[in-house]
Structures are given as C-alpha cells and as structure tokens.
K.L.:
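Quick one: the structure is below, and I'll ask about it shortly.
Letters A, B, ... mirror the listed sequences (proteins, then strands); counts begin at 1.
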There are 2 protein chains.
Amino acid sequence: MLLWIDGQCGTQVPAGDRGLAYGDGLFETIAVLDGNPSLLPFRIARLQSGCRRLSIPLDVDALVRELHRFGNELGTGVAKLIITRGDGVRGYAPPAEASSRRVLIGSPLPAYPSEYADEGIAVYACRTRLAEQPLLAGMKHLNRLEQVLARAEWTDRRYAEGLMCDTGGRAVEGVFSNLFIVEDSRLVTPSLHRCGVAGVMREALMSTGPCDVEDITIERLQAADEVFMCNSLYGIWPVTEFREHRWLVGAVTRKMQRICRQLLEESA
Amino acid sequence: MLLWIDGQCGTQVPAGDRGLAYGDGLFETIAVLDGNPSLLPFRIARLQSGCRRLSIPLDVDALVRELHRFGNELGTGVAKLIITRGDGVRGYAPPAEASSRRVLIGSPLPAYPSEYADEGIAVYACRTRLAEQPLLAGMKHLNRLEQVLARAEWTDRRYAEGLMCDTGGRAVEGVFSNLFIVEDSRLVTPSLHRCGVAGVMREALMSTGPCDVEDITIERLQAADEVFMCNSLYGIWPVTEFREHRWLVGAVTRKMQRICRQLLEESA
C-alpha cells in the first residue's frame, strides 16, 4: 500500500496528532486515473475553503505538486488525503504556531457493480440524523461519527447507499454521496448550509448547467420525477428504490451521467 | 513523554486508524495521583456506555490493569486514553471483525492558577454552538471540532473557560468543563440528552447528593445564585463573571469544592 506522511514514505502518524485527538482536520477521497488526480480544481477549492474555515495553514502549490507525484506513483486508484492541524496532545486550543500534517493513502479503485450505474440502486432510509451545525456544514472534515453510525445501520447488500435526513427531517445526502432530484426536468440538490458535505462531484455537476439549491423534504423527494446520487469515485447512480417508492431511470439522470463521464475524462 | 499503543511503548499509530479517519472512538483525560488513576469507576462506566453505543469492543478488565500499570509508571500526571475502532482506511462501515486500539499518553498535571478555585473565574461567552445530536450526546467521543472552534474564539487570558450553548440557545457546558448552577440552595446541571459531554466529575458530584438535571436558559443561568464549573483535572472553579453578570463565591459552591476534594482523595 502506498502511504506518505508529509510527502515522505511512512505508515504511521504521531499519537499526539490533533486529527486523532479531535478529528481536527479535513480529508479528500480522490480518484486517480493514469496518474492524474481527478477533479483537482474542485478539490483544491474545497480544501482551501475548509482550511480557511478551520484556520489550518495550507500551501496549495506544494500540495498540488505532491498530489501529482503521488498520483504518478499510484497510477490508477484512490488517493485518500488527510490534512490535520498537526501535533498538540492536550487542550482544544489550536497551537499558537499554526502547523499541519498531510497523510496520503493509496488504494485500488472500489469495484462497484456496473448495474448500480446502469440500472439504478435501492437506497436505505437511515434513522441516524445529521445534526445541524452551520459552522461545519459543507466541509469534508474528520468528524464523521454520524456517517459511521448511519453506515452501520444496514448490512443488506440490496442497498447500495443510505439516505440521511437532518434533525429537521429534510433529505440532505447519502452516507457517502450527494443527492439530486429532478422535478419537471429541473435539477435540484439539497441546501448544505446546516449540515452535509459539499461533494466535489456535486460541485462539478452544478458547474455544468442550471441547478437549484433548496431544502428538500422527504415527501418532495418521494414525489420527484427522478432521483440520483453522485460522488467522485462512482459518478452517478440513479435511485430506483427508496422505501415504497419506485422510479425508472430518467432522461435527465442519463444526461447527467454522460456529463459526469465527460467531467472525469476531461479532468484525467 | 510516556506513550503506549495497545499496552506497548510506542509513539505512533497506523495512518489507517479510524480514530484519525473519522474520529471513530472515545477518549478520557485521567488525573493520575501517586500512580492511581482517579475516579476510575466513573470512567469505566462512561467508557463502557460509550463503547456500547458505538459498538466498539472493550475488554474492561484488561483496560483497568493497563491503566494501573500506566499510572504506576507515570506517577503523578495526566493519562490521556484514546480508544479507537482500530484500522480501516476506506469506507464508513465498521469492519465486520470488530476490533479496537488503545493509546495512552502521559503528561504533567496542568498548572492552573490556584486563584481560579479560590477566587473564581471569568467565563467567555462562546459564539460556537453545540449541534443537537442525541445519538452522540453525553459521550466523550473523538469528534471535537466544535470544541476546537469554541476554544479558538478567545486568547484573552482573563477568561479561564468558555460557556457553550446548544443551537437552541440553552447553556450546556464549558469547552472543557461541565456546568452547575445553584438556585435557592438547589443544585442544577444542564441536561445532556441533546449534546454535551457527561463529564466524570459531574457524574461523581451528582452521586454525592441531590442535583436536578434540567434545561438551563442563559437567562436562568444569569439569574442563578451561584454558578460553577467542574472537571476531573481542576476540580471546581466558581464562576464570578459572565458577560455583565457578577457573582460572589457562594456557600454551596464551597461545600461542593470540599466534596470534590474528598472524591479525588478517596479515589487516589
């Protein structure tokens, strides 16, 4: 397994790292295709925003060079990048001298069944709700116990993903995906200002054409013409089953899948 | 620095640990006095509860033996214990084969000014709110970005602690302490079923006599006869200043400080 700590081969991090102590950091899960980290401009934008919000220093140019070097060694696979606030074993206060640590972990691309994209997926209705925390909403930070609890709710392989609502009952996202619905050919994705992760594939898709960002109740989701989920590793999965509701794979979803493939090809 | 990983001397954890990846674990900050981990029964109870809620396996007897061995080597100081779900680099789903990892980090007792306990403290009003997540409320888990953001709000050394409210505006706890108020000699501490950490000193104090657990609005806090904060390292600090409000150190607070000292002496 390819593993770098701060740009050097290494398999371990100091036990006093604040990422371990407090989840004090961010991460990215990057599809690397033939040495190229995909959707890099979107990733860098999200990392810059997250680091700014958490006041974690980030040398973007050095990081981009490192991701390319890592991608070249990895070839094709997944590069998981973790950026933490570095060491600091006691006390929540960020150290006066700001620092950070980078962890890069390479692994093979996940082998999802091709039917998920072709024929659609059944989505589990998670009971675990997302707490509403505007100060952390949108960020891909390391505080992920809600996702761990939600993903532990089902083991039935019939479900490829789980849908998470916020504590107000609004549909927000999948456990590891973002959500889109289609209403009268209009694309809508949930607002993420209270909670949720602003996924890189979501951002990339939104950059290609009109898409409204709105609160989406479960009732509204269930009444939608089409529903799909996306992330930057698997692209787009049409949702064909959620609770007692069934959908056919719609024309807008198919169009967005073509756009998604193009995005990944262009970026790689 | 004394540092053990799974009972062995070691300074690093595998980069694929789920504690780092997702904050998937729990921690305890234990005052060790002359080799004795203080308030151990309360700690073990909290750890057992937390591990049960997160489905992390815990061998309590082995852990207690390890804490005593570690305490003996440390002498007097702080033992920070981190328990994670162990390795698992990709995917939120807990591994089918449940495992865990223990990290023990020794450090000196923090040197708080003795005036904090004697004369009371000024408490900062944090703008960072605690999100309401009943599934995680009470646990001392590793998802602590809210505390990191809250503690980063002030650098003025005049403030020894910061008070955190939940998103509903209720006073819940300090950044690293629990909160008590006194109304007509009656002891009240905030309910922690929506958010907050059920501190070990809070539990220990509650075990010694009557104490009501209720929602406490900021207005109610400000109208209280006495206010104090506690944790298991510093004991009890009377609150004498919060926003424009001033308190004298009251008789109930002094009585609770005596009880607190007794608890620490008995447990050590």
Side-chain angles (χ1 to χ4, degrees), chain A residues 1 3-5 10-25 27 29 53-55 78 80 82 84-85 89-94 96 103-105 107 110 127-136 139 141-152 155 167 175-176 195, chain B residues 1 3-5 10-25 27 29 53-55 78 80 82 84-85 89-94 96 103-105 107 110 127-136 139 141-152 155 167 175-176 195:
Chain A
M1 194 157 79
L3 236 157
W4 290 6
I5 314 290
T11 60
Q12 300 193 304
V13 296
D17 189 276
R18 290 175 61 100
L20 175 64
Y22 306 129
D24 192 4
F27 73 110
T29 309
R53 290 172 70 184
L54 295 182
S55 305
V78 175
K80 176 161 179 168
I82 298 175
T84 77
R85 204 187 301 275
V89 70
R90 277 273 311 291
Y92 293 118
V103 178
L104 269 166
I105 306 174
S107 59
R127 288 180 304 277
T128 303
R129 299 287 180 101
L130 294 163
E132 299 176 19
Q133 176 49 277
L135 290 177
L136 299 174
M139 268 190 267
H141 55 66
L142 297 174
N143 281 201
R144 291 293 154 211
L145 273 173
E146 291 177 329
Q147 280 73 24
V148 171
L149 292 178
R151 186 57 193 84
T155 50
T167 45
V175 176
F176 55 93
C195 55
Chain B
M1 194 155 81
L3 236 157
W4 290 5
I5 315 289
T11 60
Q12 300 194 304
V13 296
D17 189 277
R18 290 176 60 101
L20 175 63
Y22 308 128
D24 193 5
F27 73 109
T29 309
R53 290 171 71 184
L54 295 183
S55 305
V78 176
K80 174 162 181 169
I82 298 176
T84 77
R85 203 187 300 277
V89 70
R90 277 273 312 290
Y92 293 120
V103 177
L104 269 166
I105 305 174
S107 59
R127 289 179 305 276
T128 303
R129 300 287 179 100
L130 293 163
E132 299 176 20
Q133 176 48 280
L135 291 177
L136 299 175
M139 269 191 262
H141 55 66
L142 297 174
N143 280 200
R144 290 293 155 212
L145 273 172
E146 291 177 330
Q147 280 72 25
V148 171
L149 291 179
R151 185 59 192 82
T155 50
T167 45
V175 176
F176 55 94
C195 55

K.L.:
Within a strict 4.5 Å, meaning less than it, do heavy atoms of the A/Y22 and B/Q147 side chains meet?
P.N.:
no

K.L.:
Which atoms of B/P14 come close to chain A, meaning under 4.5 Å heavy atom to heavy atom: side chain ones, backbone ones, both, or neither?
P.N.:
both

K.L.:
Heavy-atom distances under 4.5 Å only: say whether B/R85 touches chain A with side chain, backbone, both or neither.
P.N.:
side chain

K.L.:
Does any heavy atom of chain A fall under 4.5 Å from the side chain of B/I82, the backbone, both, or neither of them?
P.N.:
side chain

K.L.:
Please tell me if the side chains of B/L145 and A/Q133 come closer than 4.5 Å, counting only heavy atoms from C-beta onward.
P.N.:
no

K.L.:
Using non-hydrogen atoms and a 4.5 Å limit, figure out which bit of A/D17 sits close to chain B: side chain, backbone, both or neither.
P.N.:
side chain

K.L.:
Chain A: which of B/G23, B/A131, B/G25 shares the most heavy-atom pairs with it under 4.5 Å?
P.N.:
B/A131

K.L.:
In Å and rounded to the nearest 0.5 Å, what is the CG to OG1 distance from B/L20 to A/T84?
P.N.:
7.0 Å

K.L.:
Looking at B/V13, B/L3, B/T155, which has the largest count of heavy-atom pairs under 4.5 Å with chain A?
P.N.:
B/V13

K.L.:
At a heavy-atom distance under 4.5 Å, which candidate from B/T167, B/V103, B/L136 has the highest pair count against chain A?
P.N.:
B/L136

K.L.:
With rounding to the nearest 0.5 angstrom, report the CG to CZ distance, B/L135 to A/R127.
P.N.:
9.5 Å

K.L.:
At their closest point, which heavy atom of B/A15 faces which heavy atom of A/I105, and how far apart are they?
P.N.:
O-CD1, 3.7 Å

K.L.:
How long is the span from the OG1 atom in A/T11 to the CD atom in B/Q12, to the nearest 0.5 Å?
P.N.:
7.5 Å

